[in-house]
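Worksheet: the structure to be examined is printed underneath.
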Protein chains: 2
Amino acid sequence: MKHERSKRFHKMAKITDIAKRAGVSIATVSRVINHSGNVKKSTKEKVLKAIKELSYTPNFPARYLKTKRTLTIGMVVPDITNPFFPMVFRGAESVVKQENYTIILCNTFEDEYEEMRYLSILEAKKVDGILLIKAPARSGNEQYMQKLKNLSIPIVYLDRLPKLQDIPAVVADNVGGGYAATSHLLKLGHKRIAIITVHYPLTVHRERLQGYVKALREHDIPISRLYIKKGASTIEEAISLAPSLLNMKNRPTAIFVTNHKMTIGLMRALEMAGLQCPEDISVVGYDDFDWENVFHPRLTVVAQPTYQLGQAAAGLLIEILRDRTDSMHHKIVMLSTELKIRESCGIYRQNKLRKP
Amino acid sequence: MKHERSKRFHKMAKITDIAKRAGVSIATVSRVINHSGNVKKSTKEKVLKAIKELSYTPNFPARYLKTKRTLTIGMVVPDITNPFFPMVFRGAESVVKQENYTIILCNTFEDEYEEMRYLSILEAKKVDGILLIKAPARSGNEQYMQKLKNLSIPIVYLDRLPKLQDIPAVVADNVGGGYAATSHLLKLGHKRIAIITVHYPLTVHRERLQGYVKALREHDIPISRLYIKKGASTIEEAISLAPSLLNMKNRPTAIFVTNHKMTIGLMRALEMAGLQCPEDISVVGYDDFDWENVFHPRLTVVAQPTYQLGQAAAGLLIEILRDRTDSMHHKIVMLSTELKIRESCGIYRQNKLRKP
DNA sequence: CCATTTTATGGAAACGTTTAATCCTTTAAG
DNA sequence: CTTAAAGGATTAAACGTTTCCATAAAATGG
């Protein structure tokens, strides 16, 4: 018995069926579908009628062969489970849907090889463009850079920049974010401010650290290596990293965490160490979500323009696709972040921490 | 000036190029690519060499024309921003990727028309199958049911069931969830237990309510309409719904919220009313996420097998696609939920609420 | 009313594959 | 050594569109 679709799935009408039923040529049918060329009102109606009667829809993959457009774009993200990304997805979707694009979503889990695999697939599937939130670069993965460079599809980088700079991208102002967070703590009187950040070679975290350093410098506070902790961006990692900070003789009075998952890990570690926030130690985290303004302690965080990142990146990509050109080649747009001040930072004065 | 891709995007090699370079026919090239038919070792090597040299990848849309498979599936969800869905997405992705499928993700925002629009697009794009978390049915939208029934693509329903029952689906045990949550409260001594749930005509919420009713019945506690609040599944809605419960003469001592967003809204409402949880009132919520075990009050929730839902649904779909048949037509698989007991429920005894 | 332009249609090629049908070589069997 | 079977490769026909080119019909201008 040959494999075949059961009767439930009747074969779809194709353009020749429409042509036959309407008594015209397929060229004419095509013309009414695509609103291209002239076609007499009466025949147009005949065709439209046939289309409705057979509930015909054009076959996209077939159409691609001539048009070279799939009306599909690819979006590759590290992990859609990190609530940062769904928001940028929605931003992107909201703009591409206007132009009838559809998005293939790919999770790379911060793995460059997985990313390469997906990029290859997207290329084979002939997506019109790609929104790429890249995985951290493995040292010396020349093959990867080569692949990116030779990709036959327009890319817009999102959130994270690759080494090569001559590409269109939209990113958040990370040094601004790190600076704002640290400045806030400084303003509250903190002097021993630690940072927990990510060890991946990602622009994002390097820049947030940069902002932190900049703020401290401005206040003539020496940077101590002991106050800078780096690790993988996971809850567990933060939990295992935190004690080295919490058990110091000169324990920091405030900690800035540059990443959402690690923020959760840190809070867990504080509990485990029996430390109250903000009474015993202040925390500012990264990324802002619904629940953060409800549950305790209410975190002071630097909020990123997630939705707008998605929108902007998608907009840029659409532009590039519209007039298939590299004119926007070097365009990098940067969106600013916002410090949301809530209750996780106390005032530090003469060796005591107080609620503000 | 004609629109055309800039030089940066060189045209891709096609199968004829490979054939020419390897000095064989395109049929042979196709055979080595697809491992179909016999081909001599030496020619195979020649072909492989040519493929590598020109870095050729088969053109999927073109290939579809003959194979009738796009290796793409569609997944339509209400809102990827609700952290429940990213988890099921990942579950689904983890299994379909094994078979080289890729997922088009569509947000419907609980809107049936938007869903119809997306289903039409997915059909036109010839995805091989669809994972559908449907939007709530608008009353009397006959057109929609018609569309679903006539869809030319295999569907697996996820999480939510449609009216017509003869379809493959995977869902969570919602009455079990509602029952477990309510029973837990009952066991703690609560008698005045309210429920906040969603007014959409969705099986999911109806069933959770069912579980709630069942548990109360078993304890011979009369069901009061006043303790049952329904509304849209948003934070704001819960905030505006809550006071009618909180300000009653006979205020409930516990509230069961059947939905994640509304849980957040309720907690906000409690704060606004100056009520402590669990001291003044107990809460059990729905859906479990990282932060819920860290921030306060730590919510007791019924956790759904999100990842597994995605896995199971994708697995079922793959099976259906493998032998293109409707054999699994009636298969409905149900996964069980788990009550995660934490700190948001106090013991109720003789008119006082205490921590357990 | 003729010449010319515009509008309306159809025929057929092309897009990049897979795959049946076919043909030519080997190889193995008797 | 002859013949049949198996193996290896090719030719050509699809798949469902769009679009160029050609042609027919209608509209326009003088």
Side-chain angles (χ1 to χ4, degrees), chain A residues 2-5 11-48 50-51 54-72 123-128 152, chain B residues 2-5 11-48 50-51 54-72 123-128 152:
Chain A
K2 219 45 193 323
H3 281 176
E4 54 180 65
R5 281 231 152 88
K11 57 261 143 285
M12 303 240 66
K14 43 191 182 178
I15 202 172
T16 56
D17 298 328
I18 305 302
K20 202 171 300 170
R21 177 174 266 249
V24 299
S25 73
I26 61 171
T28 302
V29 177
S30 175
R31 252 173 272 138
V32 352
I33 292 170
N34 300 298
H35 312 98
S36 63
N38 295 319
V39 24
K40 198 173 15 168
K41 194 160 179 206
S42 65
T43 56
K44 184 179 197 168
E45 276 159 4
K46 275 191 300 181
V47 171
L48 257 19
I51 288 179
L54 303 185
S55 64
Y56 164 80
T57 34
N59 184 316
F60 273 58
R63 173 184 274 178
Y64 160 83
L65 235 33
K66 295 300 292 184
T67 63
K68 300 298 180 196
R69 311 182 119 263
T70 52
L71 286 186
T72 302
E123 199 173 15
K125 294 204 174 173
K126 303 302 173 188
V127 297
D128 294 335
S152 61
Chain B
K2 215 56 188 319
H3 280 175
E4 55 179 65
R5 282 230 152 93
K11 58 259 144 283
M12 302 240 66
K14 44 191 179 178
I15 201 172
T16 56
D17 298 328
I18 305 301
K20 200 171 301 172
R21 177 176 267 250
V24 299
S25 74
I26 61 170
T28 303
V29 177
S30 175
R31 252 175 281 130
V32 350
I33 292 171
N34 300 298
H35 311 100
S36 63
N38 295 321
V39 25
K40 192 162 37 155
K41 194 158 180 211
S42 65
T43 55
K44 184 179 198 169
E45 275 160 4
K46 275 192 298 181
V47 171
L48 256 18
I51 288 180
L54 302 186
S55 63
Y56 164 80
T57 34
N59 184 316
F60 273 58
R63 173 184 274 179
Y64 159 84
L65 235 32
K66 295 300 290 184
T67 62
K68 301 295 181 201
R69 310 182 118 264
T70 52
L71 286 187
T72 302
E123 199 173 16
K125 294 204 174 175
K126 302 302 174 189
V127 297
D128 294 335
S152 61

Starting at atom [atom1] of [X], determine the distance to atom [atom2] of [N], rounded to an integer number of angstrom.
X       : N      : atom1 : atom2 : answer
B:Leu65 : C:dC15 : CG    : P     : 14 Å
B:Leu71 : C:dT17 : CG    : C1'   : 14 Å
B:His35 : C:dT19 : NE2   : P     : 14 Å
A:Arg31 : C:dG11 : CZ    : P     : 11 Å
A:Asn34 : D:dT19 : CG    : C1'   : 10 Å
B:Ile51 : C:dT17 : CD1   : P     : 10 Å
B:Ile33 : C:dT17 : CD1   : P     : 7 Å

Extract from the structure each pairing of a protein N or O with an N or O of nucleotides 12-14 of chain C at less than 3.5 Å, listing the distance.
residue : atom : partner : partner atom : Å
C:dA14  : N3   : A:Lys66 : NZ           : 3.2

Closest to the 5' end of DNA chain C, once B:Ser36 and B:Asn59 are matched to their nearest nucleotides, is B:Asn59
Quick one: which protein N/O atoms are closer than 3.5 Å to N/O atoms of nucleotides 23-29 of chain D? Pair and distance per line, please.
none

Per nearest nucleotide of DNA chain D, the residue lying toward the 5' end, B:Gly23 or B:Tyr64, is B:Gly23
Result for 5'-nearest mapping on DNA chain D, choosing between B:Lys44 and A:Met12, is B:Lys44
Sorted by chain and residue number, the side chain to side chain donor-acceptor pair (under 3.5 Å) partners of B:Ser30 (sequence neighbours excluded) come out as B:Asn34
Which of D:dG16, C:dG16, D:dA9 is nearest the side chain of B:Lys68? It is D:dG16
Taking OP1 and OP2 of [N], is either one under 4.0 Å from a side-chain nitrogen or oxygen of [X]?
X        : N      : result
A:Asn38  : C:dT9  : no
B:Thr67  : D:dC15 : no
A:Arg63  : D:dT18 : yes
B:Tyr56  : C:dT17 : yes
A:Thr28  : C:dA8  : no
B:Lys126 : D:dG16 : no

Tightest non-hydrogen contact, residues A:Leu71 and A:Phe60, listed as CD1-CE2, 3.8 Å
With sequence neighbours left out, the residues meeting side chain to side chain contact (heavy atoms under 4.5 Å, CB included) with B:Thr70 are A:Pro61, B:Tyr64, B:Thr72, B:Lys126, B:Asp128
Rounded to 10°, the helix from C:dC1-D:dG30 to C:dG30-D:dC1 deviates from straight, judged by its five-pair end axes, by 30°
Contacts satisfying salt bridge (charged side-chain N to carboxylate O under 4.0 Å, His left out) that involve residues 35-47 of chain B (not counting sequence neighbours) are none
Please list, one pair per line, the donor and acceptor atoms closer than 3.5 Å that link side chains of residues 17-29 of chain B to other protein atoms, with sequence neighbours excluded.
residue : atom : partner : partner atom : Å
B:Asp17 : OD2  : B:Lys14 : N            : 2.9
B:Arg21 : NH1  : B:Glu53 : OE1          : 2.2
B:Ser25 : OG   : B:Ala27 : N            : 3.4
B:Ser25 : OG   : B:Thr28 : N            : 3.3
B:Ser25 : OG   : B:Thr28 : OG1          : 3.2

